Enquirer: 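Before we start, here is the structure in question, set down as structure tokens.
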Amino acid sequence: MPRLDPHSFFDPDHGVARHLHLDLDLDFGTHVVDATATLHFAEPREGTLVLDTRDLEILKVTDGEGRDLPWSLGDADPVLGTPLRIERGEPTARVRVRYRTSPGALALQWLSPPMTAGGEHPYVFSQCQPIHARTIVPLQDSPRVRVRYTANVTVPEPLVAVMSAASVGDGPGPRPGTRTWRFEMPQPIPSYLLALAVGHLASRDLDPRCRIWAEPEVLEAAAWEFAGIGDMLREAEKLFGPYEWDRFDMLVLPPAFPYGGMENPRLTFLTPTLLAGDRSLVNVAAHELAHSWTGNLVTNATMNDFWLNEGFTVYAERRILEALEGEEYAALHAVIGYRSLLEDMERFGMDSPFTRLHTDLAGIDPDSVYSLVPYEKGFLFLTLVERTIGREAWDRFLGEYIRTFRFQSITTEEFRAFFDEQLPGVAEKVRADEWIEGTGLPDNCPEFRSERLEKVEALVERFTSEGMLPTRDETDGWSPEEWQIFLKSLPREIDPDACRRLDETFGLTGSGNYEILVNWLVLAARSGYEPALPRVREVLLGVGRMKYLKPLYEALVAREETRALAREVFEEAKDRYHPIARTGIEAILAS
Ligand code: BES
Ligand code: ZN
């Protein structure tokens with residue numbers, strides 16, 4: 001029988017966990033977590049229970065009465081990991097597993113002190129999405145399953161533990177020099193939203209519902225950058241309904257964090273590359289906030305339906321931006337998204353199955369095919385529907401969608417059925433099935449026009465036809481978005497002398513905005529503009545965000561002259577990259 005979720009051994013016939021209790025004891029010397037996980041089921045069950053695991057050392061399994069349960073590990077699957085088979089002799093509603101994690105657990109990145117802002121204390125953070133929770137907890141690791149959780153986390157003093165949960169106190173740990181932090185997550189969440197970070201952390205309140213966490217050295221900058229989060233939250237509630245998670249706190253991680261942001265409920269994780277000093281990159285915070293409705297409340301049932309999470313969230317993110325910054329601002333972001341989408345689609349090939357919204361990832365590691373397709377193609381499809389039926393009707397649909405499926409997980413088929421029921425005839429009009437099941441971009445794709453965009457495009461056109469670069473006057477007042485569009489619209493490769501003039505006029509190599517900087521460095525590296533290479537090296541050694549690493553390595557590898565540099569920098573940096581980033585870059589270097 002095919003599995004319900006191609007990325008999990010989860011079988012609902014074995015019972016569905018409703019609550020998880022974790023006891024975690026972290027060893028920063030060995031990078032091992034000594035742990036107990038207790039799963040509570042809705043009702044007592046007997047017989048086989050299969051849990052997802054990967055690289056876990058299982059020590060003991062007991063039932064609700066403390067009786068030993070026989071268990072065995074099945075064959076390891078390269079994508080799914082190793083099924084843990086437990087035999088419940090008597091009906092029991094509780095299963096407890098004593099286990100230890102491996103130092104290579106994919107959900108955790110352990111940082112040595114030099115990789116932190118303070119440089120004195122170690123740090124560890126988790127990243128469970130899409131299917132890495134099983135490397136730290138044996139559980140039903142499918143987004144179809146939601147659990148509430150409680151946790152006791154023991155860490156060496158003076159480190160602080162935070163989780164995607166309410167912090168309910170801390171006290172002396174079981175050994176001298178340790179402290180135990182307690183957590184309770186009252187809202188049920190899919191396993192990929194389980195999250196933990198431990199470091200030398202401090203916090204500051206930004207709003208009655210929002211607090212920012214970071215190392216003390218970056219707290220001030222982080223608090224300034226995200227000071228507007230309370231307004232954003234209120235704007236989002238006006239658009240999408242009540243905020244159901246009580247608090248929206250944020251944690252700014254060390255630069256090794258491999259993503260821009262991660263929507264861990266009650267504690268969004270953010271990369272420090274957002275700290276531009278001018279609030280120009282807060283759209284990532286808007287995106288993670290938007291997931292509080294689209295993704296965390298209404299969740300994709302499997303990674304094949306990932307577009308329901310990300311497509312709706314990019315759409316919701318841009319509605320928040322539009323409400324706060326205006327239509328043109330949101331439109332410029334849509335244009336940046338569209339250009340980046342085309343780059344990703346062209347990399348796959350326009351008729352590749354990975355350009356579909358609804359995917360079939362059975363046997364495929366979702367990390368290996370991560371792209372902007374579910375994000376930006378999803379956004380374009382939803383925008384098309386909005387433009388077709390009008391904003392009023394569309395907002396009614398959105399509200400109904402969120403209310404109907406809140407705290408549930410849905411498939412693309414369920415979405416389609418709901419769509420037809422709520423909006424009869426619209427699917428045919430917009431050619432929804434071509435959008436959802438087809439490859440590439442349908443020809444009724446919505447377009448975004450704006451005056452500012454046209455000015456940028458005119459300057460790009462002038463450069464490509466006459467070789468004339470923009471002047472300072474012409475770019476006076478350009479926002480980071482205009483710079484990004486300009487850099488993304490230039491030919492893939494330009495004359496190194498044009499690079500030099502661009503850099504001399506606009507100081508791009510010195511840009512403090514990572515989106516401008518990396519777009520520029522990619523262009524410079526592709527064009528063989530050598531003076532930019534020291535900065536490329538610095539970024540590759542200092543930052544772990546995959547969105548920046550991958551295109552930079554790709555640009556270096558594409559040129560004979562810089563291929564050796566790519567290998568050399570990777571050798572130096574690889575131990576500092578997240579294991580998932582490392583694997584992704586190894587693939588680029590091997591190509
Ligand atoms: N949930 C994602 C990050 C993610 C996706 C991690 C899949 C692992 C597997 C998060 O919400 C996200 O999309 N982050 C983006 C930000 C953005 C599109 C504004 C990122 O990290 O770049
Ligand atoms: Zn997202």
Side-chain angles (χ1 to χ4, degrees), residues 7 106-107 109 125-133 135 141 143 164 189-195 226 232 248 250-253 255-265 267-274 280-300 302-321 330 333-334 336-338 340-341 344 354 359 361 364-379 480-481 484 514-515 518 543-551 578-581 583-584:
H7 297 110
L106 285 174
Q109 187 173 4
F125 66 82
S126 70
Q127 170 56 46
C128 287
Q129 197 182 20
I131 53 168
H132 306 306
T135 69
D141 196 8
S164 54
I189 57 159
S191 51
Y192 76 84
L193 294 177
L194 197 71
F226 300 111
M232 241 182 212
F248 184 79
M250 294 171 291
L251 170 68
V252 174
L253 287 112
F257 184 59
Y259 290 96
M262 177 64 212
E263 66 273 26
N264 298 132
L267 186 67
T268 274
F269 284 17
L270 297 169
T271 166
T273 60
L274 303 180
S280 58
L281 300 173
V282 294
N283 75 292
V284 177
H287 177 94
E288 306 315 332
L289 172 64
H291 270 305
S292 307
W293 290 267
T294 50
N296 298 6
L297 266 192
V298 183
T299 304
N300 54 212
T302 76
M303 281 305 284
N304 290 340
D305 315 295
F306 186 51
W307 79 277
L308 291 176
N309 267 19
E310 297 299 346
F312 273 85
T313 297
V314 171
Y315 176 84
E317 165 197 342
R318 294 195 181 134
R319 286 294 297 275
I320 298 172
L321 296 178
H333 276 262
I336 296 170
Y338 177 77
S340 314
L341 171 65
D344 276 8
F354 304 124
T359 51
L361 300 182
I364 296 173
D365 171 3
D367 283 328
S368 71
V369 293
Y370 178 87
S371 81
L372 288 176
V373 169
Y375 292 77
E376 298 292 347
K377 188 178 176 183
F379 163 78
E481 286 76 19
Q484 282 176 67
Y514 267 92
E515 292 296 326
V518 173
V543 173
R545 186 174 176 187
M546 289 189 279
K547 181 182 183 186
Y548 300 147
L549 297 180
K550 287 187 177 176
H578 192 284
I580 295 167
T583 308

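Ligands are counted one by one from 1 in listed order, and the atoms in each one are counted from 1 as well. Since we're looking at a predicted model, the values are computed, not measured.
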Enquirer: What about Gly260: any of its N or O atoms under 3.5 Å from an N or O on ligand 1?
Expert: yes

Enquirer: Out of curiosity, is Met546 lining ligand 1, as in a heavy atom under 4.0 Å away?
Expert: no

Enquirer: If you have a sec, read the angle at the Zn ion (ligand 2) from His287 atom NE2 over to Glu310 atom OE2, to 10 degrees.
Expert: 150°

Enquirer: Is a donor from one side chain sitting under 3.5 angstrom from an acceptor on the other, for Glu310 and His291?
Expert: yes

Enquirer: Let me confirm one number: the CG-CG distance from Asp141 to Leu194, rounded to the nearest 0.5 Å.
Expert: 9.0 Å

Enquirer: Students should be able to answer this: which protein heavy-atom is nearest to atom 22 (O) of ligand 1, and at what distance?
Expert: Arg545 NH2, 3.6 Å

Enquirer: Tell me, which protein residue and heavy-atom name are nearest atom 4 (C) of ligand 1, and how many Å apart are they?
Expert: Gln129 OE1, 3.2 Å

Enquirer: Suppose we call two aromatic rings close when their centres sit under 6.0 Å apart. Are Tyr548 and Tyr514 close by that rule?
Expert: yes

Enquirer: Would you check whether Glu317 has a nitrogen or oxygen atom less than 3.5 angstrom from a nitrogen or oxygen atom of ligand 1?
Expert: no

Enquirer: May I ask you to identify the nearest protein heavy atom to atom 10 (C) of ligand 1, giving residue, atom name and distance to one decimal place in Å?
Expert: Gly261 O, 3.2 Å

Enquirer: In terms of side-chain heavy atoms, does Tyr192 have a donor or acceptor partner in Asn300 at a distance below 3.5 Å?
Expert: no

Enquirer: Decide whether an N or O pair under 3.5 Å exists between His287 and ligand 1.
Expert: yes

Enquirer: Taking only heavy atoms of Glu288, which atoms of ligand 1 are found under 4.0 Å from at least one of them?
Expert: 10 (C), 11 (O), 12 (C), 14 (N), 16 (C)

Enquirer: List ligand 1 atoms under 4.0 Å from His291, heavy atoms only on the residue side.
Expert: 11 (O)

Enquirer: Are any of the N/O atoms in Pro130 less than 3.5 Å from those in ligand 1?
Expert: no

Enquirer: Which of the listed options, Tyr192, Phe379, Tyr375, holds the heavy atom that is closest to atom 12 (C) of ligand 1?
Expert: Tyr375

Enquirer: Would you mind listing which atoms of ligand 1 come within a distance below 4.0 Å of any non-hydrogen atom of Glu263?
Expert: 1 (N), 2 (C), 10 (C), 11 (O)

Enquirer: Could you grab the distance from atom CE of Met232 to atom CZ of Phe226, nearest 0.5 Å is fine?
Expert: 8.5 Å

Enquirer: Between His132 and Gln127, is any side-chain donor less than 3.5 angstrom from a side-chain acceptor?
Expert: no

Enquirer: Looking at side-chain heavy atoms only, is the closest gap between Pro255 and Thr273 below 4.5 Å?
Expert: no

Enquirer: For ligand 1, which atoms have a heavy atom of Tyr259 less than 4.0 angstrom away?
Expert: 4 (C), 6 (C), 8 (C), 9 (C), 21 (O)

Enquirer: So, do Leu193 and Glu263 sit near enough that their side-chain heavy atoms are less than 4.5 Å apart?
Expert: yes

Enquirer: Is there a nitrogen or oxygen of Gln127 sitting under 3.5 Å from a nitrogen or oxygen of ligand 1?
Expert: no

Enquirer: Check each atom of ligand 1 against the heavy atoms of Phe306 and keep those under 4.0 Å away; list them by number with element.
Expert: 5 (C), 7 (C)

Enquirer: Find the distance between CG (Leu341) and NZ (Lys377) and round it off to the nearest 0.5 Å.
Expert: 8.5 Å

Enquirer: Determine yes or no for a side-chain-to-main-chain donor-acceptor pair under 3.5 angstrom, with Ser164 supplying the side chain and Asn264 the backbone.
Expert: no

Enquirer: Can you tell me how far the CG atom of Asn283 sits from the NE2 atom of His333, to the nearest 0.5 Å?
Expert: 5.0 Å

Enquirer: For the 3.5 Å polar cut-off, considering only N or O atoms, please tell me whether Glu310 and ligand 1 meet it.
Expert: yes

